[in-house]
Amino acid sequence: MPIKTKKFDDIAINTIRFLAVDGVQKANSGHPGMPMGCAQIAYTLYSKFMKHNPANPHWLNRDRFVLSAGHGSMLLYSILHLCGYGVSMDDLKNFRQWNSKTPGHPEFGLTPGVETTTGPLGQGISNAVGMALAEAHLGAIFNKNDIKILDHFIYGICSDGDLMEGISHETASIAGHLKLGKIIFFYDNNHISIDGSTSLAFSEDIPKRFEAYDWHVQHVKDVNNVDDLQKAIEAAQKVTDKPSLIVTDTHIGYGSPHKQDTAGAHGSPLGEEEVKLTKKNLNWSEDKTFYIPDEVASFYKEVKADGKKAEEEWNELFEKYKAKYPDDAELFTRVMNGETGDEWKNHLPVFEDDGKPVATRTSSGKTINSIAPYLTGFLGGSADLHPSTDTFMNDYGSLSADHYENRSIHYGVREHGMASILNGMAMYGGVIPFGATFFVFSDYLRPAIRLASLSGVRPIYVFTHDSIGLGEDGPTHQPIEHLAAIRAIPGVVVIRPADANESAYAWQAAIEHKGSPVALILTRQKLPVIDQNKYASAKNLLKGAYILKDSEGTPDIILMATGSEVSIALEAGEKLNSDGIKARVVSFPSWELFEMQPEDYKETIFPKSVRARLSVEAGVSQGWTKYITEDGDSLGIEHFGASAPLKDVMKGYGFTAENVYDTASKVLAKNKK
Ligand SMILES: Cc1ncc(C[n+]2csc(CCOP(=O)(O)OP(=O)(O)O)c2C)c(N)n1
């Protein structure tokens, strides 16, 4: 790229700035201030540093850019447009409009060049940590001393709000601990948030805080000095064993005579008059909107051409890699395409009904360890609960700064951070990441679970200790409303297996599923292994619900249950049968998988004519009406649990075969009237 003069830099920066200002003004909605203050950073990164090919936003070895301060989305859309990504001038003019590619906050999968969904503050910088972790892990597996096929940076911009949020503390801490040196983040230090000056609520020393996390910290005092920005990026690139934070003093609403350095520039358009005054102030043509000077347009053509060349060079490198390491190259291609092959399925463990009960967390742990050798890129961790969640990969060791190739990640007690890191990894691709904790703490992951689903990526959550059945730890640890709460997030596939064999197939379902998160809900307590010779095959879990046990003809009643309650429903069903009642018992591990089945399959499980139905699940019954009809009933728990041994708690709240039998009898009586 030819060296440009300061004058050109200013024009190129103003082009970004005013595309953003005009976009927000035209939409009459949005956040102009952040793009106005950070246009210099976007310009410097995208045109002088980043290896990226706008013609192919999916090039595997591209540098990533994460706009953690997602409210500044017009900054990203403007630079993407200028660089020649698939964001047209019309898209910029349709900012925040119905069906546009330029939504209020960046959305992964919608806009070419948008690497992650941001807006909820703190998530973007945390996703970046996940991306860096995925790069480090896959790099450790596939890079060779002589050829590095994955070797790039993860750049980004975070704001005051990002750094106030607790999640960024969690993930900055682990990024420093894991020495993720490819992360280079700018901190938009403009001292303004929505309420006004950040001094109202925020007075810690950010550089010191990040130094304490073992980040490499620099301070650029004048964001308008592009040379200083460049020097800081160069220095950050050289520090390979620490993530970098470049604290940059910026001005929200830069150039606006009445709004610069005020919260007024944050979340509303400048206003027609102020836009004109700002343009005048910055020597920009007042009458032109969405204006791109010719010299700027041709400059970005060069940027685009350089990007194409960069990818071509990488393609040549990959050809060399292929010639020298053909097996690795083949595996790399498969893994990055998300192809798992089928071999791993042959290694799903089978559990015999030998009279010994098994907790589904235990059988899940066995499954993870059995299939791991056949799934490159399958890695997981827990928020300091490996022994309790049974998620350690015994043959693959703890992932650390010295061993990025290992597969068991110690997230520490950082659930929210873990979930957001999982999202970053999933968006990066090539890995199948899972994260584990107690189900009750799914609340701590929830904001990131929602974003995973919105983004169309598939992290897997291993949530154990899934009900009051965990016993003595008591109500603080006993999930009650959590199944309903997680099912309420659109797209999340929730699977609560009934026994050891169902848990193995739950993993199959999770790994085969694409495009949204999967939550495995597992028990702490041991459960009987359901005899597949006597009852249906656990493989039917893949259909979400199936008839475990039936009787001749149309059933008098359908008992449906999930997880640990299936075996008590089965026992109750047997007892009803022996009374001459035609009871069908349905194992119903996943509403979402069931809803994916054809209507005729659904009808075979729940014939419309059978209205006497009972659901059994140790959680709030909210949502079950859909399956039990108004004529059925739910055996659930509508209040918090209690601290006592498992048997007492389950009995105390009615989760026994006897009570299922009694409740079913009442449902039958009600339906006879
Ligand atoms: C988790 C979360 N809480 C609240 C908001 C609403 N919000 C958007 S921007 C912002 C703070 C703005 O301050 P700052 O991050 O410094 O951005 P700047 O105004 O400097 O662009 C808030 C509270 C949000 N987007 N995400």
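Counting from 1, the numbers follow the sequence of the chain as shown. Start at 1 and go down the list; that is how both ligands and their atoms are numbered.
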S.K.: Flag the pair K182 and E135 as a salt bridge only when some basic side-chain nitrogen lies within less than 4.0 angstrom of an acidic carboxylate oxygen.
M.R.: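 Looking at K182 and E135, the cut-off is met.
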S.K.: I need the single residue from T118, L75, L76, D162 that forms a side chain to side chain contact (heavy atoms under 4.5 Å, CB included) with I157. Which is it?
M.R.: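 Only one of T118, L75, L76, D162 forms a side chain to side chain contact (heavy atoms under 4.5 Å, CB included) with I157, namely L75.
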S.K.: What residues come within 4.0 Å of ligand 1, counting heavy atoms only?
M.R.: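 Those residues closer than 4.0 Å to ligand 1 by some heavy atom are M34, H71, G119, P120, L121, S159, D160, G161, E165, N190, I192, S193, I194, I252, H266.
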S.K.: Extract all donor-acceptor atom pairs below 3.5 Å that involve side chains of residues 421-442 and protein atoms in other chains or at least two apart in sequence.
M.R.:
from: N423; atom 1: ND2; to: A448; atom 2: O; distance (Å): 2.8
from: Y428; atom 1: OH; to: H152; atom 2: NE2; distance (Å): 2.8
from: S442; atom 1: OG; to: F439; atom 2: O; distance (Å): 2.7

S.K.: How would you list, by chain and number, every residue that makes a side chain to side chain donor-acceptor pair (under 3.5 Å) with T391, sequence neighbours excluded?
M.R.: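 Once residues adjacent in sequence are excluded, the partners of T391 under the side chain to side chain donor-acceptor pair (under 3.5 Å) criterion are H386, T389.
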S.K.: I'd like to check the salt bridge (charged side-chain N to carboxylate O under 4.0 Å, His left out) partners of D63; sequence neighbours left out, ordered by chain and number.
M.R.: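 Scan of D63 (salt bridge (charged side-chain N to carboxylate O under 4.0 Å, His left out), adjacent residues dropped) gives none.
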S.K.: Return yes when atom CZ of R62 has more than 12 non-hydrogen atoms of other residues, nucleotides or ligands closer than 6.0 Å, and no otherwise.
M.R.: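 Counting neighbours around CZ of R62, more than 12 heavy atoms of other residues, nucleotides or ligands fall under 6.0 Å, so yes.
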